[in-house]
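Order of listing sets the numbers, starting from 1, for every ligand and every atom in it. One-based numbering along the sequence shown.
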Amino acid sequence: MSKLWGGRFNKETSRLVEEFTASIYFDKRLYKQDIAGSIAHVKMLAKQGIVLPEEAEQIIAGLEEIKREIETGQFQFNPSDEDIHMAIERVLRVKIGRVAAKLHTARSRNDQVCLDMRLYLKEEIEEINISILNLIKSLLTTAQRHLEVILPGYTHLQRAQPVLLSHYLLAYIEMLKRERDRFQDCYKRVDVMPLGSAALAGTTFPIDRHYVAELLGFSQVSTNSIDTVSDRDFILEFLSASAILAVHLSRMAEELVLWSSQEFDFIEIDDAFCTGSSIMPQKKNPDVAELIRGKSGRVFGNLIALLTVMKGLPLTYNRDMQEDKEPLFDTIDTVKPALKLLAEIWQNIKIKEKNMLKATQKGFLLATDLADYLVTRGLPFREAHQIVGEMVKYCQEKGKELENLTLEEMKGFCNLIGEDVKEVLDVKKAIERRRAWGGTALTEVKRQIEHLKKELK
Ligand code: ARG
């Protein structure tokens, strides 16, 4: 079949070339944006007297019919349609005849594809931000439900100090809040209307780009036609925000995997989010969490892929840039369900608070508190640190915990230790002592929660 750009060619395109260059297999998901963009464009052409009002009406009616056909599965995508832009224009021509050929006045696929991608990404960012918010809410609910549950906090994956589970979950919320900021910031750069830059130099027609922006709900119009058709920063930024998001989701998933292991036994993930083994009947595996962790790899890869595509390109549009789509779509398709699944996992999680508390009782988690106590008795911190270190060594030799030492034993290490040391070696009290801004004390966590609730409103 002859191409819409076939005028200067003597030969048909080879099948291999068609297959190799086509993006229709994946860019058909931009049909809605492509049609919306074309409708706005032709409305503007009519307003500016570049096409007749009745021509615009015919074109719009044809485009709307095509949209319906795509949505009901009646639209015949053709293997020789290079991309979604060509497919729609080809069928428009069949539907309304020669007038269809006026639609592409004062535009190029180079600015058209930017428009489609920007419209598409604006919607997706909004959806992702809602999904992040839902995950935040789910973590917040879980935190409030288990407000006073205590577990060991870790450094180097070694038990370090007791913390509140609610404080722990709020840490993830902080990460997710930064995520929302990043996506919202990225949105500003996506929300720029590119159409009218045409191939690269702008157009000879008296178009009104601001009118198109207004029709399509863009808050800005791009300033430089050369930059506009060359630029994929807005996608890179999105992929980069997504990569950071994927890091965080992966770390959260890792924690779910660890905590649900028999070694930790801190949580039970609901059956609905686990799978079994084909050979070991007893197994309940945290596959969803594992895959969220595993799929972070492709999200990073997608960022690297597009950075690499872009790095050597001269201005302006180069066909290489068609390679922006699959990484973008794949990242969106990976990140969105991961967010939804994690929200549900936390919503339905079983917290084994007894096991969490038990884990704080072994491993000298209050050693820092004991050193701090000696400081209040007048010892410089480094000396206190040294003495408690020796007490820990002694405990390890005797198979004891700090709180099992007698007062006499303790005094042997430092005679500043008094009866009141009992208070110090109490996990709950240790939490309460960490009242400084951002610490794990209940009052502090409650303050953080109140603040969050206000922010989320
Ligand atoms: N399918 C192309 C892409 O995604 C559309 C733009 C093609 N422009 C061109 N002059 N061949 O980048």
Side-chain angles (χ1 to χ4, degrees), residues 1-9 11-38 41 63 66 70 75 77-92 101 103-124 190 192-204 222 225-236 238-239 302 305-333:
M1 192 193 296
S2 75
K3 297 279 185 265
L4 293 179
W5 38 253
R8 59 105 61 222
F9 287 79
K11 278 191 184 168
E12 300 263 295
T13 323
S14 97
R15 260 247 332 261
L16 210 55
V17 170
E18 263 181 14
E19 277 169 18
F20 188 70
T21 56
S23 54
I24 186 71
Y25 313 107
F26 45 86
D27 69 14
K28 58 179 160 199
R29 83 154 87 179
L30 299 171
Y31 80 89
K32 228 173 50 187
Q33 291 74 19
D34 199 72
I35 289 173
S38 290
H41 179 65
L63 288 169
I66 289 173
I70 295 178
F75 189 92
F77 286 100
N78 206 318
S80 63
D81 291 330
E82 229 175 278
D83 51 31
I84 185 66
H85 327 296
M86 295 299 220
I88 289 172
E89 219 186 299
R90 172 182 60 79
V91 175
L92 187 65
L103 171 60
H104 212 53
T105 314
R107 103 179 160 180
S108 150
R109 271 186 296 160
N110 298 352
D111 56 347
Q112 187 180 357
V113 74
C114 293
L115 177 68
D116 292 5
M117 293 292 269
R118 285 175 181 275
L119 280 170
Y120 175 78
L121 206 41
K122 277 176 67 171
E123 264 179 54
E124 291 296 338
V190 179
V192 180
M193 208 292 292
L195 206 67
S197 302
L200 77 159
T203 174
T204 57
S222 69
S225 64
I226 292 176
D227 173 53
T228 303
V229 295
S230 310
D231 172 36
R232 293 295 181 272
D233 293 359
F234 65 103
I235 300 177
L236 286 172
F238 174 84
L239 291 178
N302 290 333
L306 188 60
L307 284 168
T308 313
V309 166
M310 296 305 294
K311 76 176 254 300
L313 296 185
L315 305 184
T316 62
Y317 179 83
N318 300 271
R319 190 62 179 271
D320 316 46
M321 287 151 84
Q322 180 170 290
E323 289 292 310
D324 63 354
K325 287 174 198 60
E326 285 159 295
L328 175 67
F329 296 157
D330 184 64
T331 285
I332 289 171
D333 293 345

Starting from the N and O atoms of ligand 1, find every protein N or O within less than 3.5 Å and list the pair with its distance.
from	atom 1	to	atom 2	distance (Å)
ligand 1	1 (N)	Ser23	OG	3.3
ligand 1	1 (N)	Asp83	OD2	3.0
ligand 1	1 (N)	Gln322	OE1	2.8
ligand 1	4 (O)	Lys325	NZ	2.5
ligand 1	8 (N)	Asn110	OD1	3.1
ligand 1	10 (N)	Asn110	OD1	3.2
ligand 1	12 (O)	Tyr317	OH	2.4

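In this view, Leu313 and Met310, Asn318, Asp320, Met321 satisfy the side-chain contact (heavy atoms from CB on, under 4.5 Å) rule, not counting sequence neighbours. Scanning for ring pair (Phe, Tyr, Trp, His ring centres under 6.0 Å) contacts around Phe20 gives an empty result, with sequence neighbours left out. Listed by chain and residue number, Ile24, Phe77, Ile84 satisfy the side-chain contact (heavy atoms from CB on, under 4.5 Å) test with Lys28 (two or more places apart in sequence, or in another chain).
With respect to the salt-bridge test (charged N to carboxylate O, under 4.0 angstrom), the residues Arg232 and Asp324 qualify.
Geometric assessment of Arg29 against the ring of Tyr120 yields a negative cation-pi assignment under the 6.0 Å and 45° thresholds.
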Determine whether Val192 and Arg118 satisfy the following criterion, side chain to side chain contact (heavy atoms under 4.5 Å, CB included), listing intermediate values before the conclusion.
CA-CA 8 Å; Val192 180; Arg118 285 175 181 275; 3.7 Å; yes
